[in-house]
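Okay, here's the structure, questions in a sec.
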Amino acid sequence: MPKGLIIVESPAKAKTVERMLGGEYRVKASMGHIRDLPKSKLGVDVENNYKPHYITIRGKSGTIRELKEAVKDSGKVLLATDPDREGEAISWHLTQALDLNCDTPCRIEFHEITERAVRNALANPRPIHMDRVNAQQARRILDRLVGYTLSPFLWKKVRRGLSAGRVQSVAVKLICDREKEIEDFVKEEYWSITAFLKAHGDSLEFPAKLLRRAGKKVQIGTADEAWKILKDLEGAEYQVSKVAKKERKRNPQPPFTTSTLQQEASRKLRFGARKTMQIAQQLYEGLEIGPEGTVGLITYIRTDSVRVASEAEAAARSFITGAYGKDYVPQRPRRFKVKAASQDAHEAIRPTLVTRRPDDVKKFLSEDQFKLYKLIWDRFVASQMESAVLDTVSVDIKAKNYLFRATGSRIKFPGFTVLYQEGSDNPEEDDPVLPEISEGQKLLLSRLEDKQHFTEPPPRYTEATLVRALEENGIGRPSTYAPIIETIIRREYVVLEDRRFRPTKLGFVVVDVLNQVYPNVVDVAFTANMEDRLDKIAEGELEWESVIDEFYRPFKETVETAHERVEKVKIPEEVTDELCPECGRNLVVKHGRFGAFLGCQGYPECKFTKRMTRSTGVKCPKCGSEIVERKTKRGRKFYGCSGYPECTFSTWYTPVKKSCPKCGAFLVKRGGKKGYLACVKEDCDFREGIGG
């Protein structure tokens, strides 16, 4: 006879926990949230202290009925939803729907789905933490009040069907502000001069950059200035004036938080934030691992902390000693500084068992599950390893009154880098290896090279850099980054091009209008301060009703007056090169209930419309039809055959009007901003540098 009933959110989690406890408890799933504010109306009584009106989510009546039947047959009911504010709120809603007393010890919380963690939670039940519930309620109600107040305003002043979110609008503003920086950026020309040198009797050539002339920093603005320096250096003797050798340590990064996991998965695995969190949830909830049965492979995935349990530290150190040797284990366990703004409610993301190596479980996982598990496992183990030690060399070289500098490095002790190195949004070239050089030594000049450069504007945000910007500015919390990105793409306020965000004309217009109506809605500092106030509600320091009231009353009043003050905005039409077959005028991009389409510029005189496709000017390698630009349901751009569904050819990479010299198919641009051209056919190995 089971001891009682445990309710979790998902069937996968239920299966893992039930197997783990060997049938001691029945485990049921609520299938996520069971109650929410209604979609068809505000659902918040603003005149009655912002009391929310919750209803059963459509399709969840059957789930509640099944859970009520299970509760009847169980003496003890324990709620084991996720250990965060949203999970706390789901547990509270379950107490309301199932007539349970939330003040009794009915809530259990575990941060990893292992038998030890689950049994420890069973031994320590507690009442529902109402301050956490109220913080989550406050967030939901604030978002509802903002959306229901601003959306009708946008319908009237911009276009029907638009919506504005409290946090998403700030994310769009960040992207729009970056785009304006790029548009306003004025390129400046500059030149560099590099000497390629050799030591006498050594074939190894190494570069040295020109730094100073007569003790002053060299700044070369034009080709003429560079040419004069080259002429001046003719016949110069190159002699080493200084050699500086240092030993430098490189420390490992801490284990993952939600934000850093999303950033690194974007950089290294090309996973979007949503995909990363979906796969991480699967790894957390549990997968079938051969004879072990269903086990949770990683700890809880929504966290802003880099803290690690002492048992996990000890296990990692023991594993590293056995796998790599004692030289790879620091004298003391590594402890990473937790950011001041961190809630530090959970550990960092780590494997639940460090001895469960990625290759040991690879055959039980999908390709993407394996990639993400390996990333998490590698990062955690590396975080507890010894630092890498590098020998760095800096060589100053004089030629007439000019100073050149060459730098090089070599790894003296690899430390954590034998396992893991962090990805970078702006990878730098490695320092070259330098020959043994001593002060006073004369060097041979192979050649002098002058090179033109231009200053570059700040890059557009990638998913990784946008998540980092949101985190650094205190916008949203770990559980919200992926939904924010998904929402702003779905609303067509931004598009992803070459994995970077570009705001649409609609995005610019909406941000400008919101800035006129109520600047705080798109103000980074204001939104971050609201997040801090929500944290204080969770900590019991503020009342949730007063936080909402303090925001809503001036907000509502300002929006009401803006109805008279703000003029209706016309979004500039995006004119295409395609001509209307009926009247010959250009077709323009229009928007309707079902998304974007093409319509005649002469509307309403000419009512011609057609499905929107953008031609790339290249032919399908399978059937010869035109390749056109398309978008997935989530707004990601790809390129597919216009003959679909008869021909299903597609590619994520941008087509180029250039044929492959090997097979004749079209080429695509790969590798990002400084990428290369490659044949679209996977079985063709042709590659060519951009401009090559």
Within 6.0 angstrom of Phe638 CZ, more than 12 heavy atoms from elsewhere:
yes
Check for a donor-acceptor pair, side chain of Arg500 on one end and backbone N or O of Arg460 on the other, with a separation under 3.5 Å.
yes
If you round to the nearest 0.5 Å, how far is SG of Cys679 from NZ of Lys658?
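Going from NZ on Lys658 over to SG on Cys679, the span is 13.0 Å.
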Look at Glu463 together with Arg270 and state whether they make a salt bridge at an N to O cut-off of under 4.0 Å.
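Between Arg270 and Glu463 there is no salt bridge, as every charged N stays at least 4.0 Å from the carboxylate O atoms.
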Can we say Glu285 and Lys15 salt-bridge, meaning some charged N sits less than 4.0 Å from an Asp/Glu carboxylate O?
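A salt bridge is absent here (no side-chain N lies under 4.0 Å from a carboxylate O).
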Is any NZ, NE, NH1 or NH2 atom of the basic residue among Glu292 and Arg356 found under 4.0 Å from an Asp or Glu carboxylate oxygen of the other?
yes
Are Pro414 and Met385 packed together at the side-chain level, in the sense that at least one heavy-atom pair is separated by less than 4.5 angstrom?
no
Would you find a donor on one side and an acceptor on the other, under 3.5 Å apart, between the side chain of Thr303 and the backbone of Glu347?
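Yes; judged by distance alone, with no hydrogens or angles, the pair exists.
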From Leu470 atom CG to Thr480 atom OG1, the distance as rounded to the nearest 0.5 Å:
7.5 Å
To the closest 0.5 Å, what do you measure between CD (Glu9) and NE2 (His33)?
8.5 Å
Ring-face cation contact, Tyr420 with Lys268, 6.0 Å cut, 45° max
yes
Check ion pair Asp378-Lys371 (N to O, under 4.0 angstrom):
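A salt bridge is absent here (no side-chain N lies under 4.0 Å from a carboxylate O).
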Working to the nearest 0.5 Å, report the span between CD of Glu247 and CG of Asp391.
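One gets 6.0 Å once the value is rounded to the nearest 0.5 Å.
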Is there a donor-acceptor pair under 3.5 Å between the side chain of Thr321 and the backbone N or O of Lys326?
no
Under a 4.5 Å cut-off applied to non-hydrogen side-chain atoms, are Asn120 and Phe110 in contact?
no
Under 6.0 Å between the ring centres of Tyr328 and Phe413?
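Centroid distance Tyr328-Phe413: below 6.0 Å, so yes.
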Answer yes or no: is there a donor N or O on one side and an acceptor on the other, between the side chain of Arg630 and the main chain of Cys641, under 3.5 Å?
yes
Quiz item: cation-pi between Arg670 and Tyr653, 6.0 Å / 45°:
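Checked: cation-pi criterion met.
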Quick one: are Thr487 and Val167 in side-chain contact, heavy atoms under 4.5 Å?
no
Glu531 bridged to Arg139 by N-O distance under 4.0 Å:
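Looking at Arg139 together with Glu531, the answer is yes, because their closest N to O distance falls below 4.0 Å.
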Note: Asp368-Lys275 ion pair, threshold 4.0 Å (strictly below)
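Looking at Lys275 together with Asp368, the answer is yes, because their closest N to O distance falls below 4.0 Å.
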Do side-chain atoms of Thr352 reach the backbone of Gly296 as a donor and acceptor pair under 3.5 angstrom?
yes
Is the closest basic N to carboxylate O distance between Arg19 and Glu288 below 4.0 Å?
yes
Residue pairs involving residues 272-300 (criterion ring pair (Phe, Tyr, Trp, His ring centres under 6.0 Å); sequence neighbours excluded):
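Sorted pair list: Tyr284-Tyr300, Tyr300-His346.
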How many angstroms lie between CG in Leu122 and CD1 in Ile108, if you round to the nearest 0.5 Å?
4.5 Å
Do Ile182 and Glu179 have side chains that approach each other closer than 4.5 Å (heavy atoms only, starting at C-beta)?
yes
What distance separates Gln262 CD from Thr257 OG1, expressed to the nearest 0.5 Å?
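Output value for this atom pair is 8.5 Å.
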Check: Arg334/Ser387 side-chain N/O donor and acceptor closer than 3.5 Å:
yes
Check Arg26 with Glu18, please: is the shortest side-chain N to carboxylate O separation under 4.0 Å?
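No.
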Using a 3.5 Å distance criterion without hydrogens, assess whether the side chain of Arg107 forms a donor-acceptor pair with backbone atoms of Pro125.
no
Between Ser479 and Arg302, is there a donor-acceptor pair closer than 3.5 Å when you use the side chain of the first and the backbone of the second?
no
State, with a plain yes or no, whether a side-chain heavy atom of Val668 is found less than 4.5 Å away from one of Tyr639.
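A side-chain contact under 4.5 Å is absent here.
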I'd like to know if the side chain of Thr504 and the backbone of Tyr493 have a donor-acceptor N/O pair within less than 3.5 Å.
yes
Do the side chains of Pro11 and Met31 get nearer than 4.5 Å, heavy atoms only?
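A side-chain contact under 4.5 Å exists here.
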Measure the shortest side-chain to side-chain distance between Leu534 and Arg477 over non-hydrogen atoms and say whether it is less than 4.5 angstrom.
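No; the side chains remain at least 4.5 Å from each other.
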Kindly say whether Lys362 contributes a backbone atom to a donor-acceptor pair with the side chain of Lys374 at under 3.5 angstrom?
no
With a 4.0 Å cut-off on N to O distance, would you call Glu264 and Arg267 a salt bridge?
yes
Ring pair (Phe, Tyr, Trp, His ring centres under 6.0 Å) partners for Phe319, two or more places apart:
Trp377
Could you tell me whether the side chain of Arg499 and the main chain of Ser266 form a donor-acceptor pair under 3.5 Å?
yes
Thinking salt bridges, do Glu88 and Arg126 make one under a 4.0 Å N-O criterion?
yes
I want to check something: taking the side chain as every heavy atom from C-beta on, are Ile289 and Leu297 in contact at a cut-off of under 4.5 Å?
yes
